[in-house]
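Below is one structure; the comments refer to it alone.
Predicted model, so just to flag it, every value in this text is computed and none were measured. By convention in this document, chain letters (A, B, ...) are assigned in the order of the sequence lines, proteins followed by strands, and residues within each chain are numbered from 1.
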Amino acid sequence: MQEESVLKKEDNFSVWYNEILKRAKILDVRYPVKGVYVWYPYGLKLRNLIYGILRTLMDDEHEEVLFPLLIRRDELLKEKEHIKGFEEEVFWVTHGGTTELDVPLALRPTSETAMYPIFKVWIRSHRDLPIRVYQIVNTFRYETKHTRPLIRLREITSFKEAHTAHASREEAETQINKAIAIYRNFFDQLAVPYVITKRPDWDKFPGAEYTIAFDTLMPDGRTMQIATLHMLGENFAHTFDIRYEAEDGSSRFVNQTCYGISERCVAAVIAIHGDDRGLVLPPRVAPIQVVIVPIIFSSTGDTPSEKVKEACNAIYNELKGAGIRVFLDDSPDRPGAKYYYWEMKGVPLRIELGPRDLTNVSCTFVRRDNFAKRQVPLNTVVQSVNKTLDDIQHCLHARAMQKLKICAINGDTEPKDAIREGIIALPLCDNESCGKKLEESIGANVLGEVLYAAAHRARRNACAICAREGEDVLVARTY
RNA sequence: GGGGCAGUAGGGUAGCCAGGUUAUCCUCGUGGCUUUGGGAGCCAUGGACCCCAGUUCGAAUCUGGGCUGCCCCA
């Protein structure tokens, strides 16, 4: 039914990652265009469950919109800082059939320049504010570096981008904080640990006043950016002339924010929880939360096979009725083959039921996270499943949190060594040249000043480069 | 950004250096019979040399280009 060998995640994470995407049928990488991939049904179900959580969180205070994929060249080029950051990465549509277009059209690398000209017409008075919208769309970037499924793509298929406009700067700041809370809630539900930092000035979003980012730690010791939030201030409002009439009749520019999450969140779930046997999915997002494997003997004298099937069907219907995503695997394969298969797929809980269980009026639970086995009476299956799934969700989160450690550098540790293990913290002043020097000397990137990092308290101390006063920043090798 | 390696059935591979009959093995698909508490067995059967040029009597194999993928380092 499947390949024989286990995969060593620790030995070579890159190879493990590619193999898992293939074997667990998340993404098909055989599409013959560089940097774009095909979602398999199972992968898409996982994606949709993850984005369902995000959608629910966003819908509280945002409204969903849908803007076009194509952006006029002149509008894309309007914001000078913005386009400088993207111009080498834009895909252009230059022809309609054989006719060259008068105005070339860009495939959106992100949607500021698609949305903001329309914001200008939508917003007239303070009563039109705030605007809080989001969309989940594909975006295109001509990546020249090594592309990677879900992580570095030429077509990002699942970019959730939110854009807000406010009457005051304070309100925009408040919105950033609300968005941080939403994202924290989101990643907590995925059991994905993270640090939050304010990116250094030289690494902020092009056109933004400042950028705040979420990073998670991948198994190879590198960090991956999984969410960003940008304070745009009035920068884009000036470029696109987005003004409103205030209560006192004056005309003022809006203050804007935008923040986004891509399918890297799916990559994080896969990379962080998976093991040598395959995916390990948090119950909250597992397309199949429980798989039932009947153990059938056709030759047993008493032929209890019908009874086994009946019992399995009964459990199946009960669980389904309770809203649990359950699958009954009554295929003709042998039980062992099914175990390996569903473990690869990351199903959090397996229920085995055979003649031996039937005589005890029970079934056997096997957890995907720790392989613990136990007998459960048939009349308590639903509540036991709910309780076990909750427990698995929490255990996965706790286990992942433990792996995200931050090494606070003091006199005893050499940054160059510590950086190989993961994230380090050390004091740095806010001088750009110091930051660049530090990055070069240890071969890593400054993530930024610490806004949140579990179990780490930011210190004030002498800058690691120039010895002027500085504050802890997080540093890591990045994706 | 720099360097290396690779592309042969759905997946993984041998063959390539040294060109030559029907392209190896495992897995897989299909039909059948017997099976089922950790990857079942037997029988029958199906399926491949990335693309474009070049060299040659003859190319999976040699040469050039393209496309795609992977690994390592910065």
Side-chain angles (χ1 to χ4, degrees), chain A residues 1-8 11-38 40-41 88-89 142-155 220-222 276-278 291-301 303-309 311-312 328-345 347 350-360 362-368 371-375 416 419-420 436-445 475-479:
Chain A
M1 192 169 193
Q2 269 289 327
E3 285 95 62
E4 54 310 315
S5 64
V6 294
L7 287 158
K8 289 279 176 274
D11 289 359
N12 191 329
F13 171 70
S14 282
V15 170
W16 177 91
Y17 179 74
N18 290 321
E19 276 297 310
I20 291 298
L21 292 180
K22 180 167 72 188
R23 293 198 195 178
K25 296 273 174 76
I26 301 295
L27 223 54
D28 196 328
V29 301
R30 292 173 296 186
Y31 194 78
V33 178
K34 183 180 169 63
V36 309
Y37 307 96
V38 178
Y40 279 112
E88 289 304 319
E89 299 185 358
Y142 182 76
E143 293 285 355
T144 50
K145 282 186 171 179
H146 189 128
T147 53
R148 243 181 233 276
L150 302 180
I151 292 174
R152 179 166 284 115
L153 304 158
R154 285 193 170 174
E155 180 187 6
D220 59 1
R222 291 171 186 272
D276 290 357
R277 296 201 198 178
V291 62
I292 302 170
V293 178
I295 314 294
I296 310 244
F297 291 87
S298 62
S299 59
T300 313
T303 47
S305 71
E306 285 310 314
K307 285 181 184 157
V308 169
K309 284 180 192 166
C312 287
L328 172 56
D329 187 355
D330 55 4
S331 66
D333 300 294
R334 296 169 67 105
K338 295 179 186 179
Y339 301 162
Y340 283 102
Y341 179 77
W342 293 112
E343 281 166 6
M344 170 58 62
K345 290 287 207 178
V347 176
R350 175 172 87 232
I351 298 180
E352 306 172 9
L353 201 157
R356 218 155 62 203
D357 299 293
L358 263 193
T359 53
N360 297 325
S362 67
C363 57
T364 304
F365 278 23
V366 185
R367 289 169 59 136
R368 177 65 180 89
F371 301 106
K373 270 192 186 194
R374 70 186 178 97
Q375 296 287 307
K416 252 190 132 140
I419 201 79
R420 308 226 60 97
K436 288 284 173 70
K437 262 184 211 163
L438 177 72
E439 291 190 335
E440 207 163 304
S441 72
I442 60 179
N445 293 99
V475 182
R477 295 177 304 141
T478 60
Y479 264 78

(message) Counting the atoms with a prime plus P, OP1 and OP2 as sugar-phosphate, which does A:Gly443 contact under 4.0 Å by heavy atoms, base, sugar-phosphate, or nothing?
(response) nothing
(message) Is A:Arg30 close enough to B:G11 that one of its side-chain N or O atoms is under 4.0 Å from OP1 or OP2 there?
(response) yes
(request) Provide the distance between the two C1' atoms, one in B:G11 and one in B:G29, to the nearest whole Å. (result) 12 Å
(request) May I have the distance from A:Lys25 (atom NZ) to B:C28 (atom C1'), rounded to whole angstrom? (result) 11 Å
(request) With a 3.5 angstrom cut-off on both distances, give the Watson-Crick or G-U wobble partner of B:G10, or none if there isn't one. (result) B:U27
(request) Report which part of the nucleic acid A:Arg350 touches: base, sugar-phosphate, or nothing (heavy-atom distance under 4.0 Å, all strands). (result) base
(message) Any base atoms under 4.0 Å from A:Pro335, or only sugar-phosphate, or nothing? Heavy atoms, all strands.
(response) base
(message) Measure OH/A:Tyr339 against C1'/B:G39 and give the value in whole Å, please.
(response) 12 Å
(request) Output yes when A:Glu143 and A:Arg152 qualify as a salt bridge under the 4.0 Å nitrogen-oxygen rule, no when they do not. (result) yes
(request) Take atom CZ of A:Arg368 and atom P of B:G38, then tell me their distance rounded to the nearest Å. (result) 17 Å
(request) Rounded to the nearest 0.5 Å, what's the gap from CE on A:Met344 to NZ on A:Lys25? Could you check? (result) 11.5 Å
(message) Expressed as a whole number of angstroms, how long is the span from A:Phe297:CZ to B:A40:C1'?
(response) 13 Å
(message) Heavy-atom count check: over 12 atoms from other residues, nucleotides or ligands less than 6.0 Å from A:Tyr142 OH?
(response) no
(request) Please report, rounded to the nearest Å, how far the P atom of B:C70 is from the CH2 atom of A:Trp16. (result) 16 Å
(message) Roughly how many Å apart are B:G64 and B:U55, using the P atom of each and rounding to a whole number?
(response) 15 Å
(request) Would you classify A:Glu440 as touching base, sugar-phosphate or nothing, given that sugar-phosphate means primed atoms plus P, OP1 and OP2, and contacts are heavy atoms under 4.0 Å? (result) nothing
(message) Let me spell it out: for each of A:Asn18 and A:Val366, pick the nucleotide of RNA chain B with the closest heavy atom. Which residue's pick is nearer the 5' end?
(response) A:Val366
(request) Provide the distance between the two P atoms, one in B:A60 and one in B:C52, to the nearest whole Å. (result) 13 Å
(request) Tell me which nucleotide among B:C72, B:G37, B:A40 gets nearest to the side chain of A:Ser14. (result) B:C72
(request) Write down the distance separating the C1' atoms in B:U35 and B:C70, rounded off to the nearest Å. (result) 41 Å
(message) Side chain of A:Lys34 only, heavy atoms from C-beta on: which candidate in B:G12, B:C71, B:G69 is closest?
(response) B:G69
(request) Using the C1' atoms only, state how far B:G7 lies from B:C51, rounded to an integer number of Å. (result) 11 Å
(message) Looking at A:Arg334, I'd like to know whether one of its side-chain N or O atoms comes within less than 4.0 Å of OP1 or OP2 on B:G37.
(response) yes
(message) Judged by each residue's nearest nucleotide on RNA chain B, which is more toward the 5′ side, A:Pro149 or A:Thr144?
(response) A:Thr144
(message) Under 5.5 Å centre to centre and under 30° between planes: does that hold for A:Tyr340 and the six-membered base ring of B:G39?
(response) yes
(request) Write down the distance separating the C1' atoms in B:U68 and B:G32, rounded off to the nearest Å. (result) 41 Å
(message) Would the base of B:G38 count as contacting A:Glu352 through its side chain, where contact means a donor and an acceptor less than 3.5 Å apart?
(response) no
(request) Report yes if a side-chain nitrogen or oxygen of A:Lys338 is closer than 4.0 Å to either non-bridging phosphate oxygen (OP1 or OP2) of B:U36; otherwise report no. (result) no
(request) Determine the interatomic distance between P on B:A9 and the same-named atom on B:C5; round to the nearest Å. (result) 22 Å
(request) For A:Asp329 and A:Tyr339, run side chain to side chain donor-acceptor pair (under 3.5 Å): C-alpha distance rounded to whole Å, both residues' side-chain angles, the deciding distance at 0.1 Å, then the answer. (result) CA-CA 10 Å; A:Asp329 187 355; A:Tyr339 301 162; over 6 Å; no
(request) Pick base, sugar-phosphate or nothing for A:Val15, based on heavy-atom distances below 4.0 Å to the nucleic acid. (result) sugar-phosphate
(request) Quickly work out the A:Phe13 CZ to B:C71 P distance and round it to whole Å. (result) 10 Å
